[in-house]
Structures are given as structure tokens and as C-alpha cells.
Amino acid sequence: GVQTCALPISMLCSSLGCPSDNLVDSNNNRLYASFVRIRIQSSHYFKMFKENEDVYMTGGLKRYGTKMFFSDTRIESSMKKMDASLMTVFVSRQTDNKSLTKATPINLENSNTKVASALPEFAEEFFRVKKNIFEKIEGEHDEVKHVLNNEDFDCKNKVMFSTSYRINPYHDLNAVNLLYFASYPQISAICEREYIHRMVEKFQLSGDWALDSSTIALDILYFGNCDIEDEIEFQVNTCEFVDEYRVKIVTSLIRKKDNSLMAKIFKVKQLVEKSGNLSSLWKLEKKDLIFSSNQISLPTSCERLKQDKK
């Protein structure tokens, strides 16, 4: 899953000729590799990749300008394949985890990374979705769709379910006390399970969503981090049970202290045990999937959107 994205970080540091803990900018500020977007699409749901199964991994790396890095990794194993695309920047930390600033590694000129002549479409998609989320543009906001695994996703900021999550510092943070990039989808999965189990309880079903479902495709758009004492609000924005016992779900992670969106996560999941009791979820009406009528209120930041493309 998302943990396979550690390979591009290794490739990136190797291209810079510097271990990750020695990366600095021209002012000698420590730099941290920070993911902006991760997209993983698989030919089979993730649980079909078995423990100790032999896999073959290949990858490529390129950059645009001095601050954006892009990588593509393929994992193949006996008729199965998984593709991971990443958009990465380097950041320095000013005071806390909410004050991360994009920066350029001092040894970038020594890098042999291929340079892209134009902003990659992978980044263009990120900026389109981000603009749609943060700027309520009349006539455009309800029309923009996001595509993952050939499925259209709605980007509306409605709320079907919400719950709170407290940071677990022994599990969620990395060695430099930033919320670990792989923690975002894990937090989302934990809270998503709570959402599904609300339906299971309401309609007296049985089964466990963590055991009976598996991800096929995942797209995470990262917008911010948080500190150890912060509380996160998890929200389900859309949930659709579609054909072939698949579900499309869009979720948000919001830093409650300042109502700041930290991540938007698009996901396609597959019901693994189709003969089980959870298959009844695909018979529910849309109104049965809503446990909240609140609307997300996100800060608009036009200046930040402009700065991102520099």
C-alpha cells in the first residue's frame, strides 16, 4: 500500500547524493521530504498481494523547477500490478508542524534528476481539485470531477458522517514528530470503519469492514500537518456503493483547532467476501448512508493557491 512510497524518497535522496537527515537549504535549515499527492492504482485489490510474495519494483524520478519532484513506481507480481505516482516537495519547519515552508535543497544542482519542461498533468490535477475545494467559484464548483481508477468522484464539501480522532504519538508520528504520510490513510481507514459499522449496527448486519473489504485504488491530496496535541476531525464527504460490490468514498481530515483541511482522500474499495452479510450494504438507499447534515466550512486562501505554482 502507501508504505511502498518510501522507495521514491530513497531514489530522491540518492539523486541528491545526500542522506535524508543531512538535507538542508541555503540557510542551513533542515529539510524534510513532504508528499503533496500519492495515487495508487492496482489491478487487484491489495489483499491479493500475499505476505512474502516475490515482487519486482521499477521506478523513475523527475523534477519541475526547483521545488517539485515526481516519481512513478510499478510493483509487479504474478499477473498482478500496482502503480504508485507521487508528487513531493521539501519543506523546512519554522516553529511548529503548522508552519512548514517549501524550500530547495542546497545540493540540487548536483542532482542528476531528469527535468520536466512543463508542469506534469499529475500536478495540474492536484491544483484543479485544490482550487475547487478552497475556492467556491460560481458555476464551476459543482462541475469539477476527480477521476480515479476510471471512476468519477464528486469534490463537493458535504458531510455524510463525522467523528474525532486523537493523535497517537507512538504510532502516528515519524522520527521528527511530523504526522507520518502513511498515517493519513490509516486514520481515514480507522474512522471509515466506524462509519460503515454505524450502518452495520443500524440495520443489524454482521461482519467487519476491515476484514471484509480491501482497497483497489487510493488518491491522497495532502494540504497540511499537525502537532502532537491536535485533534483531527474525520468526515465522509461522499460514499457510493456501485456495481461489482465496489464502493467509492471521499473523506477529509481536518485540523479542529483552526478548521484547516489537512487532506482529501479518494478511494475505491472492493467487498472481498461477497456472499457475506455486508453485501446488504449495496441494497441501502442513499438516505441510509447519511449520519450528519453539517457542511464543511473551509478557509479560502487564494494567495496560497498562487504560491503553490511558483
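Computation of the quantities below employed the complete heavy-atom set of this structure, encompassing side-chain atoms and omitting hydrogens, waters and symmetry-equivalent molecules. We count residues from 1, following the sequence as given.
Remark: the backbone N or O of D25 is not paired with any side-chain donor or acceptor of N29 at under 3.5 angstrom. Under the 3.5 Å distance criterion, the side-chain polar atoms of K158 are left unmatched by any main-chain donor or acceptor of T238. A donor-acceptor contact shorter than 3.5 Å links the side chain of Q270 to the backbone of E244. Proximity of a side-chain donor or acceptor of S162 to a complementary backbone N or O of Q235 within less than 3.5 Å is not detected. R93 places a side-chain N or O within 3.5 Å of a backbone atom of V176 that can act as its donor or acceptor partner. A donor-acceptor pair under 3.5 Å is formed between the side chain of S214 and the backbone N or O of K47. Looking only at distances, a side-chain donor or acceptor of S43 sits under 3.5 Å from a matching main-chain atom of K81. Within the 3.5 Å criterion, the main-chain N or O of F122 finds a donor-acceptor partner in the side chain of R37. With hydrogens and angles disregarded, no donor-acceptor distance shorter than 3.5 Å links the side chain of D212 to the backbone of V272.
The hydrophobic cluster containing L205 does not contain L211, counting ILVMFWY residues as joined when their side-chain heavy atoms lie under 4.5 angstrom apart, directly or transitively. In the hydrophobic clustering of ILVMFWY residues, with side-chain heavy atoms under 4.5 Å counting as a link, V147 and V129 come out apart.
Taking the ring-ring contact (aromatic ring centres under 6.0 Å, His included) definition, one finds that F241 meets it with W282, sequence neighbours left out. A189 is linked by a side-chain contact (heavy atoms from CB on, under 4.5 Å) to K267, counting only residues two or more places apart in sequence or in another chain. Take D83 and apply the side-chain contact (heavy atoms from CB on, under 4.5 Å) test, not counting sequence neighbours, and it matches R74.
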Next item on the list: Would you check, one step at a time, whether the test side chain to side chain contact (heavy atoms under 4.5 Å, CB included) holds for V55 with M82?
Entry: CA-CA 10 Å; V55 297; M82 181 184 293; over 6 Å; no

Margin query: For S26 and T104: C-alpha separation, side-chain torsions, deciding distance, then whether side chain to side chain contact (heavy atoms under 4.5 Å, CB included) applies.
Written below: CA-CA 8 Å; S26 57; T104 301; over 6 Å; no

Check: Can you check side chain to side chain contact (heavy atoms under 4.5 Å, CB included) on L218 and I38, steps first, answer last?
Finding: CA-CA 8 Å; L218 178 68; I38 296 175; 6.0 Å; no

Checklist line | Verdict with supporting geometry, S42 and F49, side chain to side chain contact (heavy atoms under 4.5 Å, CB included) | finding: CA-CA 10 Å; S42 179; F49 290 84; 3.5 Å; yes

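Between F90 and K67 there is no side-chain heavy-atom pair separated by less than 4.5 Å. The closest side-chain heavy-atom distance from L221 to F266 is below 4.5 Å. Counting heavy atoms from C-beta outward, F234 and E192 have side chains that approach closer than 4.5 Å. Using a 4.5 Å heavy-atom cutoff, the side chains of E53 and S78 are in contact. Taking the side chain as every heavy atom from C-beta outward, N177 and I228 never approach each other to under 4.5 Å. Contact check for R63 versus L108: side-chain heavy atoms found under the 4.5 Å cut-off. At a threshold of 4.5 Å between non-hydrogen side-chain atoms, the residues M262 and L179 count as touching. Contact of the N237 side chain with the K264 side chain is registered, since non-hydrogen atoms from C-beta on lie closer than 4.5 Å.
The two residues L284 and L289 have their closest heavy-atom pair at CD1-CD2, 4.0 Å. Closest heavy-atom contact between L261 and A263: CD1-O, 3.4 Å. When every heavy atom of I265 is checked against every heavy atom of S188, the shortest pair comes out as CD1-CB, 3.6 Å. Across all their heavy atoms, S279 and L271 have their closest contact at CA-CD2, 3.8 Å. V247 approaches V242 most closely through the heavy-atom pair N-CG2, 4.4 Å.
Judged as a side chain to side chain donor-acceptor pair (under 3.5 Å), the pairs with a partner in residues 195-208 (not counting sequence neighbours) are, in order, R193-D208.
We find the CZ-CG distance between R30 and L23 to be 7.5 Å, quoted to the nearest 0.5 Å. Rounding to the nearest 0.5 Å gives a distance of 7.5 Å between CD1 of I196 and OG of S213. In this structure, CG on N28 lies 11.5 Å from OG on S92, to the nearest 0.5 angstrom. From M199, atom CE reaches atom OG of S280 across 13.0 Å, with rounding to the nearest 0.5 Å. Once rounded to the nearest 0.5 Å, the distance linking CG of D230 with CG of D258 reads 7.5 Å. With values rounded to the nearest 0.5 angstrom, T215 atom OG1 is found 11.0 Å from N149 atom CG.
Under the 4.5 angstrom side-chain criterion for Ile, Leu, Val, Met, Phe, Trp and Tyr, V115 has no cluster partners at all. Here I106 sits in one hydrophobic cluster together with V24; the rule is ILVMFWY side chains under 4.5 Å apart, joined directly or through other members.
Side-chain N/O atoms of D172 and Y165 include a donor and acceptor closer than 3.5 Å.
Residue-environment remark: CG (D54) stays at or below the threshold of 12 foreign heavy atoms within 6.0 Å.
For the ring-ring contact (aromatic ring centres under 6.0 Å, His included) criterion with F223, the lone passing option out of F127, F134, F35 is F134.
With respect to the salt-bridge test (charged N to carboxylate O, under 4.0 angstrom), the residues E233 and K256 do not qualify. A salt bridge links E231 with R166; the closest basic N to acidic carboxylate O contact falls under 4.0 Å.
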